[in-house]
2 protein chains.
Amino acid sequence: MLSLTEENYLKAIYHLSEGGAKSVLTNDLAEAMCTKAASTTDMIKKLSAKALISYEKYYGVNVSAKGKQAALLIIRKHRLWETFLVQKLNFTWDEVHEVAEQLEHIHSVHLIDKLEEFLGFPTVDPHGDAIPDRKGNIKLLPQVGADQLKVGYQGTIIAVKDSDSNLLKYLDKIGAKPGKKLKVLAREEYDESMEIMIDDNKVFLSKDVSKNILVTA
Amino acid sequence: MLSLTEENYLKAIYHLSEGGAKSVLTNDLAEAMCTKAASTTDMIKKLSAKALISYEKYYGVNVSAKGKQAALLIIRKHRLWETFLVQKLNFTWDEVHEVAEQLEHIHSVHLIDKLEEFLGFPTVDPHGDAIPDRKGNIKLLPQVGADQLKVGYQGTIIAVKDSDSNLLKYLDKIGAKPGKKLKVLAREEYDESMEIMIDDNKVFLSKDVSKNILVTA
DNA sequence: ATATAATTTTAGATTGGCCTAAAAATTATT
DNA sequence: AATAATTTTTAGGCCAATCTAAAATTATAT
Ligand SMILES: [Mn+2]
Ligand SMILES: [Mn+2]
Ligand SMILES: [Mn+2]
Ligand SMILES: [Mn+2]
């Protein structure tokens with residue numbers, strides 16, 4: 001059984017290794033966890049001893065198959081709870097992450113399976129992120145940050161980054177929701193800001209915003 | 001903000017002091033918490049420093065007004081979550097306590113208020129225990145253990161003790177549920193066993209069982 | 001290639017929650 | 001009232017998770 005802290009480190013390692021094929025570095029993990037590098041090294045040793053990650057001294061860590069599965073089961077819980085909060089308790093999508101950070105550590109397989117059933121087996125959470133199944137399998141759609149797009153691109157918003165509450169409020173205001181059509185009208189190379197069309201609304205976005213909108217690749 | 005451990009001790013102190021007017025003793029608290037007396041003394045000092053309990057060395061503790069309110073807000077969460085698990089996720093009443101022990105420590109006033117609304121402002125949990133309101137007020141009905149009853153008593157089951165899963169399964173089997181009519185037909189003084197009528201079913205109960213059935217006083 | 005800078009690890013300390021063993025205080029028994 | 005038994009507290013230590021400061025290693029720049 002993993003402690004709450006071990007679960008949080010493992011999840012952070014998984015998220016940091018998503019996409020990139022490189023090892024997760026101690027300092028990056030420390031920053032993500034809001035702890036110091038020394039503390040992180042300690043935890044890396046613990047997770048490594050439990051075979052959840054592989055660790056090469058000075059060169060960072062990688063999640064093992066076992067670690068990936070454990071991480072995905074935590075993420076499954078996080079996303080099912082977020083879905084519950086929005087669909088059943090009428091939370092707004094900017095209110096759910098913090099509470100889900102706590103709820104994801106409740107230990108009960110029965111609970112989470114029943115919750116999933118109660119929600120009608122949702123496939124994505126309120127931010128568009130895929131929900132892993134009870135085995136820890138997840139199907140990731142190829143997706144890219146809107147900041148990477150070229151003028152003329154047309155596609156669909158798949159998901160948005162969910163950790164900043166104020167960003168989510170803004171995205172809600174401009175209608176940037178999973179499922180919406182997105183078209184790139186113009187792009188300013190100097191600051192990488194863009195003019196885009198979401199459904200029928202024209203908006204200007206700084207890179208700081210656009211990079212948090214994930215679209216079909 | 002209380003730690004999970006502090007919350008659990010405080011709740012245990014509150015429960016041990018329910019009914020009785022006497023102070024809660026260190027050994028009793030240690031037993032309830034499954035820890036040793038020495039550990040309990042440490043925690044008593046912490047809770048006392050936070051003014052949640054009053055502590056007289058060697059003579060035990062009493063919950064303060066502030067402590068009582070904090071305890072009742074934890075109990076509120078516990079009972080609302082139990083109600084959720086039974087009513088919405090189709091848990092049986094013997095499955096909910098353990099999970100609620102975890103869920104009661106989730107910190108979010110918004111969450112628990114929304115949950116209460118979602119459940120339709122229930123007044124009692126699946127075991128018949130009253131649910132405190134958002135201020136921490138609770139209305140306790142005068143109730144007594146069925147083991148105290150005399151032959152000829154007629155009344156209604158208010159609640160059942162909820163901590164033993166096997167007991168709950170048995171109570172379910174004999175139909176001993178909150179709201180049901182109960183009549184005492186006979187009582188054997190030697191072992192304090194009883195013959196009772198629940199609705200229209202006649203059952204024999206040992207004291208070990210009857211003491212967990214709470215009826216109108 | 002060497003010096004400097006950055007990163008990572010180790011060493012040693014702290015805090016919360018727990019323990020055992022010993023000391024102190026209270027309660028019960030003669 | 002003195003002694004014995006019980007309860008409670010204190011003393012000292014352990015483990016998990018954190019920190020700071022110092023040492024070790026790797027990366028970068030001359
Ligand atoms: Mn989230
Ligand atoms: Mn999400
Ligand atoms: Mn319960
Ligand atoms: Mn209950």
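Note on naming: letters A, B, ... go to the chains in the order of the sequence lines (proteins, then strands), and numbering restarts at 1 for each one.
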Open item on the list: If only side-chain N and O atoms count, and only distance matters, is there a donor-acceptor pair under 3.5 Å linking A:D125 with A:H78?
Closed with: no
- [ ] Would you kindly check if the NZ (Lys) or CZ (Arg) of B:K88 is within the cone defined by 45 degrees around the ring axis of A:F118 and under 6.0 Å from the six-membered ring centre?
- [x] no
Open item on the list: I need the CD-P distance between B:E7 and C:dG16, as an integer number of Å.
Closed with: 16 Å
Task: Atom-to-atom span, CG of A:L4 to P of C:dG16 - whole angstrom - done: 18 Å
Open item on the list: If I take atom CG in residue B:D28 and atom C1' in nucleotide D:dT7, what distance separates them, rounded to the nearest angstrom?
Closed with: 11 Å
Open item on the list: Distance check needed: D:dT10 C1' versus B:M43 CE, whole Å only.
Closed with: 17 Å
TODO: Specify the separation, in whole Å, of atom CG of B:L25 and atom C1' of C:dT27.
DONE: 12 Å
Task: Pairwise side-chain contact, A:K161 with A:H127, heavy-atom cut-off 4.5 Å (strictly under) - done: no
- [ ] Please report the shortest heavy-atom distance between B:Q87 and B:L119, naming the atom on each side.
- [x] OE1-O, 4.2 Å
Open item on the list: Measuring to OP1 and OP2 of C:dC18, would you say a side-chain N or O of B:S39 lies under 4.0 angstrom away?
Closed with: no
Open item on the list: Starting the side chain at C-beta, find the nucleotide from D:dT9, D:dC19, C:dC18 nearest to A:D42.
Closed with: D:dC19
Open item on the list: Under 4.0 Å, heavy atoms only, any strand: does A:T40 hit a base, just the sugar-phosphate, or nothing?
Closed with: nothing
Task: Lys/Arg-Asp/Glu bridge criterion (N-O < 4.0 Å) met for A:R79, A:E104 - done: no
TODO: State whether A:T26 places a side-chain N or O below 4.0 Å from either non-bridging phosphate oxygen (OP1 or OP2) of C:dT9.
DONE: yes
Open item on the list: For B:T41 and A:K36, find the nucleotide of DNA chain D closest to each by heavy atoms; which residue's nucleotide sits nearer the 5' end?
Closed with: B:T41
Report all interatomic pairs (protein N or O, nucleotide N or O of nucleotides 4-6 of chain D) with separations under 3.5 Å.
none

Task: Minimum heavy-atom distance between A:L10 and A:L47, given as atom pair plus value - done: N-CD1, 4.1 Å
Task: Nearest-neighbour nucleotide for the B:Y55 side chain, D:dT8, D:dT18, D:dT9 considered - done: D:dT9
Task: B:F84-A:F84 aromatic ring centre distance below 6.0 Å - done: yes
Open item on the list: Measure NZ/B:K45 against C1'/D:dT8 and give the value in whole Å, please.
Closed with: 10 Å
Open item on the list: Output the rounded distance in Å from CG (A:N27) to P (C:dA5).
Closed with: 18 Å
Task: Salt bridge flag under 4.0 Å for residues A:E116 and A:R134 - done: no
Open item on the list: How many whole angstroms separate atom CG of B:L29 from atom P of D:dT7?
Closed with: 15 Å
Open item on the list: Can you tell whether the side chains of A:E6 and A:K50 come within less than 4.0 Å, N to carboxylate O?
Closed with: yes
Please list, for nucleotides 21-27 of chain D, all pairs of protein and nucleotide N/O atoms separated by less than 3.5 Å.
residue	atom	partner	partner atom	Å
D:dT25	O4'	A:Y58	OH	3.3

